[in-house]
Amino acid sequence: MSSQTHNHSHHYYVPNPVAYPVILSLGLLTLASGFIFKINNYPAGRWMMIAGALIILSMVFSWMGKVISESETGMFKSWEDKSFRVGMIVFISSEVAFFAAFFGALFFMRVISVPELAHFDPNYTMYKDFVASWPSIGPGGNVIRFGGALETYKPAANFTPMAAWGLPAVNTLLLLSSGVTVTWAHWGLIKNNRNQLIIGLFLTVALGISFLICQATEYHHAYTEMGLTLGAGAYGSSFFMLTGFHGFHVLLGTIMLIVILIRSIKGHFTADRHFGFEGVAWYWHFVDVVWLGLFVFVYWL
Amino acid sequence: MSNATAVHHDAHDAHPTGIMRWLTTTNHKDIGTMYLTFSLIMFLVGGSMILGVRAELFKPGLQLMRPEFFNQLIGVHALVMIFAALMPAATGFANWMLPLQIGAPDMALPRLNNWGFWLLPPAAILLTLPFTLALFGIGDGAVATGWTMYAPLSVQGGIGVDFAIFSVHLLGISSVLGSINVIVTILNMRAPGMTLMKMPMFAWGWLITAFLLIATIPVLAGAVTMLLTDRHFGTHFFDAAGGGDPILFQHLFWFFGHPEVYILLLPVWGFMPQILQTFSRKPMYGYKAQVYSLWAIGALSVVVWAHHFFTVGMPVPALLYFMYSTMSISLPLAVLFYCWIATIWKGSLSFETPMLFAVGWIILFGIGGLTGLVLADVAADAQYHHSYFVVAHFHYTLFAGGIMGIMAGVYYWLPKMTGHMYNEKLGKIHFWLTAISFNMTFIPQFFLGLAGMPRRIPDYALQFAEFNMISSIAAFALGLSQLLFVYNIIMCVRGGKKATDKVWEGAQGLEWTLPSPPPYHSFTEQPTIK
């Protein structure tokens, strides 16, 4: 945090006017409104969602393509590079805060709300027989659902919690190994060993896809055989929201890894300038660390 | 302070004209102008909504609208004012002034900057669209839960809640992008020689704001996502039958919501000392003390959230912790007040419109702060909670402390941004009308709250009639006075006396070394700070 002494020998790159952001926002507006209409039983929403998603995809593709071509034509020097690095760190910090909300919900329900529900004065509670435990599906009973009609809430026939030392442990192994392979690829890039770079990235992508396949298997198993669904009380809610958002991030990370794999094969990145690679690697490590939190607090303890 | 030189690069000034200039711009000044214009428009939209509310509350009984519509107006008013008026105004100033103040060529990530702005109009559309949809028989209007969207009310609410959830998501993405840009710009784009402790106070205020946004906006996004899945996909985060808890929503919401107050105020605390020193013609008092106090307030703001729901039923140790930690914020805030007053102490004061707003701001925001101290007291809060006392308190912090602060900034920088002086006489009339009608609107609400009038109710007991009548009349005066503000800005943009580069006799800082208005690309060559 000391004084800034660099003397920039070139002008900072300020890109020319572009239309991607405003069209991208329009795509998000279309997708969001379509989704809202769809979940409120207006079927036309589906077509809005498809249109919105197509707009978003094409804009992301064009925008990223533009950045890559700028990068390859040498528009970014060390000054711009530092902006991207700091920006990526701040972005990943915001992702940490997003996951913190769901971990917070998990801890709150497990430590505070579920035990409290079991310890009310029996004269003043409708959940007289509820015994606190974890995993919990909650006490059940009557609940006012959407629309205001009082209907009887049927707790799902009890479910089996997900055991830590089966597929989840395999998944832990897969993700931890992928952290190693991406670092190995990075070493290859730094010492100009392009084969090591490409093989390392290929292995990382393969491990990411294997993780996603395992998780899909696990979800299928949970829904069809274990009675573990989104509706399975506090445990089901926190289990699927945490692992689901994590899985979504693994999916994004894998797509990003595939992009930099293709770029590496095309000969992009140099030993001393490769923010595109490092940004993805940082993101991948972040996804890895979140998984460790999930494994410990959602599956294991 | 520096030997800054503005270098004109006429070739670089080329940009599309007409609407395409604004849709596609990557220029920090254009984007700043869009943020500020959007903010002004939404300020009038949000203001009109609350005038509907005040009209209904003019006398007891239900005159003008159904209670459901009343609730919609209140909730959307708050969301619009916070997310679409105050926050974009602060971001607009950040875009316009941060690069000028720290000697940067532009914001660090110009395309993301453009995206950050263009997420706001879609978010505003999502928020207000349900009003229109209801006219066509789709849904039952906008979100009617108040801006806090507490479960279980919001779980049971109509389609308006879903629109509000996705509006919040877009606003959240916009804030995160804006924060990334501010942090990167401040850390990486300062002129050579400008160490962090030589930065203008505005940069400090915004840096801490940006960190708070990064820490808390995603938590709000998570909370409304859980709300969405509770509404439509069968989860039980906020449903006791499944082991969840409605109070969990309040914790998550206010973990964001309390720092949000400081997110709205810290940028103002940043530029206000600069205005005070300009019109006192002496250096800012206690620069370091102010920087450390801003950090202290930023850090404390994320650990005090539960004082917003003391009455919900918490264990006594939790009540005590949140009471004392909340009150401890008044220590660094007192340091700031001391520094602001010491800055004008024995200065050669002159009272142009920005200074009028700044001094009025110290007093009125001071009232907001002190009434907050009363609310932080657990025992007293049991009486004040959810009453009009709270409404009056947070309007002293957010209207006086936020909006009037922003207005000071507008009058202060408008000559720099447009190259013309605004009409000083109109500006002064605007200040006095605003200050007087604001107090006339909200002082009665303190008494109403102390007497027990609850907030968010369209009808009230006869005993509250006189104070409500005064408050409503004054609210319309307050609203109409703002038309003067709009008129003054429009006339200033279109012409007027030419502004000098320095504009104000006592102005200090890099932005005053550039021409008024500054060239399209200001610091192509960075100045060196000694």
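Letters go in sequence order (proteins before strands), and every chain restarts at 1.
Per-residue counts of heavy-atom pairs under 4.5 Å with chain B were compared for I36(A), L29(A), V67(A), I112(A); the largest is that of I36(A). Among L106(A), V114(A), I39(A), the residue with the largest count of heavy-atom pairs under 4.5 Å with chain B is I39(A). The candidate from F163(B), F233(B), F117(B) with the greatest count of non-hydrogen atom pairs under 4.5 Å with chain A is F163(B). Comparing F245(A), Y20(A), Y42(A), W63(A) by how many heavy-atom pairs each has under 4.5 Å with chain B, the most go to W63(A).
Contact annotation: the side chain of N40(A) approaches that of H232(B) to within less than 4.5 Å [non-hydrogen atoms, C-beta and beyond]. Two residues are said to be in side-chain contact when any heavy atoms from C-beta on lie closer than 4.5 Å; D162(B) and F35(A) fail this criterion. Looking at heavy atoms from C-beta onward, L248(B) lies in side-chain contact with M109(A) at the 4.5 angstrom threshold.
Residues of residues 86-93 of chain A placed with any heavy atom under 4.5 Å of a heavy atom in chain B are listed by number as V86(A), G87(A), V90(A), F91(A), S93(A).
Using a 4.5 Å cut-off between heavy atoms, F37(A) contacts chain B through its side chain alone, with no backbone atom that close. Of the atoms belonging to L117(A), it is side-chain heavy atoms, and not backbone ones, that fall under 4.5 Å from chain B. With a 4.5 angstrom heavy-atom cutoff, F102(A) touches chain B via backbone and side-chain atoms both. For a residue to count as touching a neighbouring chain, one of its non-hydrogen atoms must lie under 4.5 Å from one of that chain's; by this rule F99(A) does not touch chain B. Heavy atoms of A105(A) lying under 4.5 Å from chain B belong to its backbone as well as its side chain. Only the side chain of L133(B) comes within contact range of chain A, with at least one heavy atom under 4.5 Å from a heavy atom of that chain. For a residue to count as touching a neighbouring chain, one of its non-hydrogen atoms must lie under 4.5 Å from one of that chain's; by this rule F240(A) does not touch chain B.
A donor-acceptor pair is defined here as one N or O able to donate and one able to accept, closer than 3.5 Å; such a pair exists between the side chain of Y12(A) and the backbone of A108(B). A donor-acceptor contact shorter than 3.5 Å is absent between the side chain of T24(B) and the backbone of A19(A). No donor-acceptor pair closer than 3.5 Å links the side chain of T235(B) to the backbone N or O of L230(A). Side chain of W118(B) to backbone of L24(A): no donor-acceptor contact under 3.5 angstrom is found.
Nearest heavy atom pair, residue P139(A) against residue G243(B), reads CD-N, 3.8 Å. Scanning both residues, S237(A) and H236(B), for their nearest heavy atoms gives OG-N, 2.8 Å. Between V22(A) and N114(B), the shortest heavy-atom distance links the atoms N-OD1, 4.2 Å. Summarising the geometry of A215(B) relative to A97(A), their closest heavy-atom pair is O-CB, 3.4 Å, with the distance given to 0.1 Å.
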Quiz prompt | Verdict with supporting geometry, S83(A) and M189(B), side chain to side chain contact (heavy atoms under 4.5 Å, CB included) | solution = CA-CA 8 Å; S83(A) 286; M189(B) 307 292 282; 4.2 Å; yes

